[in-house]
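Here's the structure we're looking at; comments come further down.
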Amino acid sequence: RMIVFESVIGAPGARVRSWRAISEGSRFPPRDPPGILPLQQNRSSGMKYRQLGRNGPRVSAVGLGCSGMSADYGVPDDVESVATVHRAIELGVNLFDTSDAYAAGKNEQLLARALEGRRDGLIIATKFGNIRGPSGERGGTNGRPEYVPVACEASLRRLKIDVIDLYYVHRIDPEVPIEDTVGAMARLVEQGKVRYIGLCEAGPDTIRRAHAVHPLAAVQMEYSLWTRDAEEQILPLLRELGIALVAYSPLGRGFLTGA
């Protein structure tokens with residue numbers, strides 16, 4: 001069975017909790033920096049919660065990344081995937097992560113079915129700008145400001161919701177100033193269609209420039225015991241700005257589990 005849970009590092013600088021990828025009692029990073037908010041725990045499920053960024057929502061320390069349910073990792077099994085989402089909710093998970101790029105929007109539709117009648121208290125994160133064809137063909141990036149609201153409306157329809165809790169730029173468009181893309185995202189926040197915004201796979205300069213336009217709640221990138229590039233420049237910057245790191249593939253895409 002593939003574990004697709006994601007870890008969340010609350011800003012400024014909380015510990016990684018990667019679903020037992022780290023042995024009991026270990027701490028990573030070794031110490032919490034000054035000013036860290038304490039984790040809150042759900043006594044019934046044992047799940048811990050933290051604030052996402054300086055002003056973001058309260059989220060479970062472990063979220064559920066849904067990409068592998070529809071693409072990239074073997075043959076999709078919708079029945080098993082829906083059951084996994086329901087079990088995650090039972091365990092106290094409230095952060096669910098998808099994208100319009102995952103199986104050309106089919107993953108958003110799957111998540112909508114799984115969360116039908118269960119939306120209250122959940123944080124839904126999705127992404128745009130990583131263009132894929134109907135069969136998964138890669139089509140480059142699109143961060144043009146006129147495209148941002150079009151992508152948002154399409155995701156809202158597929159997810160069957162009125163507002164996206166956390167909306168990411170999935171990949172940065174090198175042809176469009178990040179200020180233009182984030183400016184369009186900020187307008188979605190003003191219109192009530194998005195609550196918080198974030199970036200994926202962005203460099204330090206891009207993060208700083210984007211945050212100056214509109215506060216970022218989170219930056220998502222790969223981070224685990226064997227993918228630690230974020231520690232050099234990204235983590236110090238996120239702590240400075242009060243942005244959370246959402247770490248995808250915290251178990252090394254399953255390799256670190258020994259499965």
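From a predicted model like this one, the values you see are computed outputs, not experimental measurements.
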Main-chain N/O of Y223 paired to T227 side chain as donor or acceptor, under 3.5 Å: no
pair Q51-R58: side-chain heavy atoms closer than 4.5 Å: no
Side chains of C200 and V246: does their closest heavy-atom pair fall under 4.5 Å? no
Atom CG in L52, atom CG in L95: separation rounded to 0.5 Å? 7.0 Å
Regarding R253 and E222, does a basic nitrogen lie under 4.0 Å from an acidic carboxylate oxygen? yes
Tell me, with the steps shown, if S155 and D100 meet side-chain hydrogen bond (donor to acceptor under 3.5 Å, both in side chains). CA-CA 7 Å; S155 286; D100 63 4; 4.5 Å; no
Any chance the side chains of E201 and Y168 put a donor and an acceptor closer than 3.5 Å? no
Using every non-hydrogen atom in the two residues, find where I89 and R118 come nearest and quote the distance to one decimal. CD1-CD, 4.1 Å
Carboxylate-amine/guanidinium proximity below 4.0 Å for K193 and D162: no
Quick one: CD1 on I234 to CD on E231, what's the gap to the nearest 0.5 Å? 11.5 Å
Does a donor on one side chain and an acceptor on the other come within less than 3.5 Å for T98 and N107? yes
Picking from S224, P250, S249, what satisfies side chain to side chain contact (heavy atoms under 4.5 Å, CB included) with L256? S224
Is the ring pair Y102/H170 parallel, tilted or perpendicular, if the boundaries are 30 and 60 degrees? perpendicular
Side chain proximity check, D97 to C66, heavy atoms < 4.5 angstrom: no
Looking only at the aromatic ring of each residue, does the gap between the centers of Y196 and Y167 stay below 6.0 angstrom? no
Run the numbers on I172 and T141 for side-chain contact (heavy atoms from CB on, under 4.5 Å), then give the verdict. CA-CA 7 Å; I172 306 302; T141 56; over 6 Å; no
Does atom CD of E146 have more than 12 heavy-atom neighbours from other groups under 6.0 Å away? yes
Atom pair CG (L238) and CD (Q233), whose distance is rounded to the nearest 0.5 Å: 11.5 Å
Heavy-atom closest pair (V194 atom, V163 atom, distance to 0.1 Å) is N-CG2, 3.7 Å
Can K106 and D78 be said to form a salt bridge (Lys or Arg N to Asp or Glu O under 4.0 Å), step by step? CA-CA 11 Å; K106 292 179 182 178; D78 288 357; over 6 Å; no
Could you go through the side-chain contact (heavy atoms from CB on, under 4.5 Å) check for L235 and R239 one step at a time? CA-CA 6 Å; L235 279 177; R239 291 184 181 121; 4.1 Å; yes
Would you check, one step at a time, whether the test side-chain contact (heavy atoms from CB on, under 4.5 Å) holds for L111 with T126? CA-CA 11 Å; L111 186 59; T126 192; over 6 Å; no
For L110 against S70, the heavy-atom pair lying closest together: CD2-OG, 3.7 Å
What are the two closest non-hydrogen atoms of M47 and V62, and how far apart are they? SD-N, 4.1 Å
Tell me whether V176 is reachable from V213 by hopping between hydrophobic residues (I, L, V, M, F, W, Y) whose side-chain heavy atoms are closer than 4.5 Å. no
Euclidean distance, L64 CG relative to R87 CZ, rounded to 0.5 Å: 13.0 Å
Shortest non-hydrogen separation from A202 to I207 and the atoms involved: O-CD1, 3.6 Å
Ignoring hydrogens and angles, tell me if any N or O in the side chain of T84 forms a donor-acceptor pair with the backbone of E80 under 3.5 Å. yes
Whether K127 and E108 form a salt bridge (side-chain N of Lys/Arg under 4.0 Å from carboxylate O of Asp/Glu) is what I want to check. no
Heavy-atom side-chain contact between I161 and R119 under 4.5 Å: yes
Between F128 and R171, is any pair of side-chain heavy atoms under 4.5 Å apart? no
How close do V182 and H214 get, heavy atom to heavy atom, and via which atoms? CG1-CB, 4.0 Å
Calculate, to the nearest 0.5 Å, the distance between atoms CG and CG belonging to D173 and N142 respectively. 6.0 Å
Salt bridge flag under 4.0 Å for residues E190 and R187: no
Contact between V85 and F96 at the side-chain level, heavy atoms closer than 4.5 Å - yes or no? yes
Evaluate the side-chain contact (heavy atoms from CB on, under 4.5 Å) criterion for residues L166 and R195: first the C-alpha distance (whole Å), next the side-chain angles of each, then the deciding distance (0.1 Å), finally the verdict. CA-CA 6 Å; L166 177 56; R195 290 197 172 99; over 6 Å; no
Pair E116 + K160, salt bridge at N-O below 4.0 Å: no
CG (L216) and CZ (R208) are apart, to the nearest 0.5 Å, by 11.5 Å
